[in-house]
Structure formats: C-alpha cells, structure tokens
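Values below: every heavy atom of this structure, side chains too, minus hydrogens, waters and symmetry copies. Being a predicted model, the structure only gives us computed values, none of them experimental.
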Amino acid sequence: MNKNKINFTIFDAQIFCALYDLGSTTEVAKQLEINPSLVSIGLTRFEKKIGIGKLFTKLSKTGKYTPTMNANKIIQYMKYVIQFAEQGLKQNSCADKNVIITSTHTILHYYLGDYVKDLIFDNPDLYIDFKQSETVDPKNLGVNEIGLTFFVDNIQNRKFFPYHTFKQKLWASPEYIEKFGEPTSYEDLKNHRLLLRKELDDPRVLFGSNYLRSQLDENEHLHFYKIYSTSFIDKLCVDGCGIMAAAEESIRLSKSKLQNVFPDFKGEEMDVYVCVDKEFLQTDVCKKIVNWIFECRKNSFSKAGIESSFAFTPLR
C-alpha cells in the first residue's frame, strides 16, 4: 500500500463493497441507483487511490467480477468505513429532527401539556423529548435542548426570548384559611405554616420575596416545611398544609382551588425566558418548537384571561 496519504470517498468504498458482494456492475448500479458505466470508472479510480494492485478479476465467459487477494485484505475495513459513515449520517439526521424541551413541572404541565398531543401527532418525523427539572440552568443545556428558565447566562452562545414576567403572590386553601385564619402582615406570617420551595437557594423561589426571606429566621421555631418538588408543594398547599408563594398565572392554569392571602405581600417579579443555542436556532426544528412554545403561551394565557408580558414575532 502506498505510504502516501490515501484519499478515497465513501462512494468509492460503496462501489467496491457492493461489487465484492454482488459481482456484477449491473447489480451494483441498481443497488446504488447510478449509471453502470460509473461502476467501472469508480472501481478504476478506487484501485488507483488504494494503490495495492487489481482488486477484481473479470471472468470473460460470465462477466462476473471475482475478488482478488488484495480485495480480501481490505473488504472488512471498507465495510467498517461505510458502517461508520452511515451511523454518522443517521445520528446527524436524528439530531436535525431531535429536540429536548426542558423546564419545571409547572410550565411543562400547565403551560405546554394541553398542546403536546397535537404537536407529536402533527409532527411524526420529529423526535421530541420532555425533561422536567426543578431548576433550569442555561449552562447545562445541550445544543439541541430548549429550556424555559429565569437564569440569563452565556449570552454569546445562547439566545434568550422573553416569555413572561411572573409576580409571586401568597396562596392557601379555603380549608387552611378556615382553620388558621389569614395573615395580614409580614410579622403575622411567622405564625403560619410556610411551604418553602427548596429546589434553589434563591429567595425569590424560596418564598417569593427577598424581603420576606430576610425577615424569617429558620431558627425561631417557625413552621417551615422545605419542599424539594414543585408538584408536591402544590399538592400540600391544596390539601391545607400551609401557605405557598406562586404566580397567579400558574394557579389559574392549574385550576387549583386556592385563595390569594395577604394581598399587600410584595412578591418578587421573575422574568422567564426561552433559552436556545444560537447554532441550533438556525435549524427548522428549533424554530418550529420555539414558535410552538409561544403559541402554547398565547392559547393558555387566553384561556386563563392572562395578558402576555412580552410580544413575540414567529421565527422564519
């Protein structure tokens, strides 16, 4: 074999392997869907590039191509080349059609959930994965992963589309209010059972307010319950276990029978963004899913009588 760099194409390898298996240029042409003359030309070119001598002997009576010892030496390697190439193409093809949507239970369930069925049935060629996360960090998102997050980071590589501004309010069930009464002040909250969202240490998420969080000392034997699951904290609140902080939009869409307590509570405002990789954003599948997410926002907000905080122009 030549010591010089060998430079053959996948098409060269395909012709060689097909001829090795079929022994007929006509059959190879049919299999590869090319003109028969290209098979002979391709074989000659491949033999020259490989540089180890003749690869086939053509029988004069039948016209059949019989592999030489040289062909036997390299056939398995060439089949590996084709196999790896096909796997790579398949993976790239899947990647072009694959997208992961990542967000919290609340957004996946209440803001997108009602529209997932139509999405997957209307787009059977897409590979769509849904990943629930208590926190969505843009630094940890994959290239083909779209996250709904209130973190803004790595803006050089990612595009952030403003989704909505959520203001935190306090909520309790009628059962809880009847049993324990309503809080009327920040000081009064210390006498109530407080359900803290502990997926993050961000005070806005812990109990909806930086100010309130600074006033509450966990060492004062207060009735804190640290919940590490957004879906479970909702259940506990509905069941009358305590007061939680949440956005009114989420309460409306979940149709939870909860009441807003302590209306003077000054909850934090949290901007949520749709975060995508800038390179992935150039693909049709990414644009389709981003548009779908905002279409879901439009439909779900309209159903709940909510006005979107930010306008969105569909991607083209």
Side-chain angles (χ1 to χ4, degrees), residues 1-101 119-131 140-146 157-158 276-290 315-316:
M1 189 175 292
N2 285 340
K3 293 182 181 180
N4 295 329
K5 184 178 179 180
I6 299 173
N7 184 23
F8 63 87
T9 67
I10 300 301
F11 182 58
D12 293 334
Q14 286 178 316
I15 289 178
F16 167 71
C17 291
L19 192 57
Y20 187 96
D21 292 336
L22 301 173
S24 166
T25 55
T26 301
E27 293 301 316
V28 170
K30 288 181 181 179
Q31 179 173 295
L32 299 181
E33 299 181 346
I34 59 176
N35 191 292
S37 63
L38 292 178
V39 177
S40 299
I41 295 172
L43 175 60
T44 301
R45 181 175 56 201
F46 183 62
E47 286 178 333
K48 184 176 180 180
K49 289 178 179 179
I50 293 297
I52 60 174
K54 296 292 290 184
L55 298 176
F56 294 93
T57 299
K58 184 178 180 181
L59 301 179
S60 57
K61 290 184 178 180
T62 61
K64 184 176 178 63
Y65 283 77
T66 303
T68 65
M69 289 293 293
N70 292 328
N72 292 333
K73 290 177 182 178
I74 66 171
I75 181 60
Q76 195 57 55
Y77 296 107
M78 291 302 111
K79 287 189 174 182
Y80 284 148
V81 168
I82 295 173
Q83 179 183 347
F84 292 144
E86 289 176 346
Q87 287 178 348
L89 289 172
K90 183 178 181 180
Q91 290 172 356
N92 288 335
S93 176
C94 290
D96 288 343
K97 297 180 180 180
N98 179 254
V99 60
I100 302 170
I101 302 174
L119 174 69
I120 60 179
F121 281 98
D122 291 344
N123 300 276
D125 59 325
L126 295 184
Y127 300 88
I128 308 171
D129 300 328
F130 297 89
K131 185 167 73 175
N140 298 323
L141 293 177
V143 172
N144 64 330
E145 192 171 357
I146 299 175
N157 298 322
R158 299 192 181 276
V276 299
D277 181 88
K278 288 183 178 179
E279 184 175 349
F280 185 50
L281 185 58
Q282 304 306 311
T283 66
D284 290 339
V285 64
C286 183
K287 294 175 183 177
K288 177 189 286 287
I289 297 303
V290 171
L315 304 176
R316 303 296 181 190

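Under the 30°/60° scheme for interplanar angles, the aromatic rings of Y77 and Y80 are found to stand perpendicular.
Ring centers of F16 and F56: under 6.0 Å apart, within the cut-off.
Atom-to-atom distance recorded for N98:CG and Y127:OH is 9.0 Å, nearest 0.5 angstrom. One distance of note links CG of L43 with NZ of K48; it measures 13.5 Å at 0.5 Å rounding. Once rounded to the nearest 0.5 Å, the distance linking CG of L19 with NZ of K58 reads 10.0 Å. Taken from CE in M78 to CD1 in I15, the straight-line distance is 13.5 Å, to the nearest 0.5 Å. Taking CG of L281 as the start and CD1 of I146 as the end, the distance is 8.5 Å to the nearest 0.5 Å. We find the CG-CG distance between N157 and L141 to be 12.0 Å, quoted to the nearest 0.5 Å.
Formation of a donor-acceptor pair under 3.5 Å by the T68 side chain with backbone atoms of K54 is found in this model. The backbone N or O of F280 lies less than 3.5 Å from a partner atom in the side chain of T283, making a donor-acceptor pair. Side chain of N70 to main chain of L55: no donor-acceptor pair is present (N/O by atom type, distance under 3.5 Å, no hydrogens or angles).
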What verdict does the side-chain contact (heavy atoms from CB on, under 4.5 Å) test give for T44 and F46, after you've listed the backbone C-alpha separation in whole Å, the side-chain angles of each residue and the deciding distance to 0.1 Å?
CA-CA 5 Å; T44 301; F46 183 62; over 6 Å; no
Determine whether K287 and R316 satisfy the following criterion, side-chain contact (heavy atoms from CB on, under 4.5 Å), listing intermediate values before the conclusion.
CA-CA 7 Å; K287 294 175 183 177; R316 303 296 181 190; over 6 Å; no
Output, in order, the C-alpha distance, side-chain angles, deciding distance and verdict of side-chain contact (heavy atoms from CB on, under 4.5 Å) for N144 and D277.
CA-CA 7 Å; N144 64 330; D277 181 88; over 6 Å; no
Can you check side-chain contact (heavy atoms from CB on, under 4.5 Å) on V276 and R158, steps first, answer last?
CA-CA 5 Å; V276 299; R158 299 192 181 276; over 6 Å; no
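No side-chain heavy atom of I101 sits under 4.5 Å from any side-chain heavy atom of K131. Two residues are said to be in side-chain contact when any heavy atoms from C-beta on lie closer than 4.5 Å; V99 and D129 fail this criterion. Under the 4.5 Å side-chain criterion, counting only non-hydrogen atoms from C-beta, T57 is not in contact with Y65.
No more than 12 heavy-atom neighbours from other residues, nucleotides or ligands sit within 6.0 angstrom of NZ on K73.
Scanning both residues, I82 and C17, for their nearest heavy atoms gives CD1-SG, 3.6 Å. Between A18 and Q31, the shortest heavy-atom distance links the atoms CB-NE2, 3.7 Å. Pairing each heavy atom of A13 with each of F8, the nearest pair is CB-CE1, 4.2 Å.
In summary, the side chains of N123 and K288 do present a donor paired with an acceptor at a separation below 3.5 Å, with no hydrogens or angles considered.
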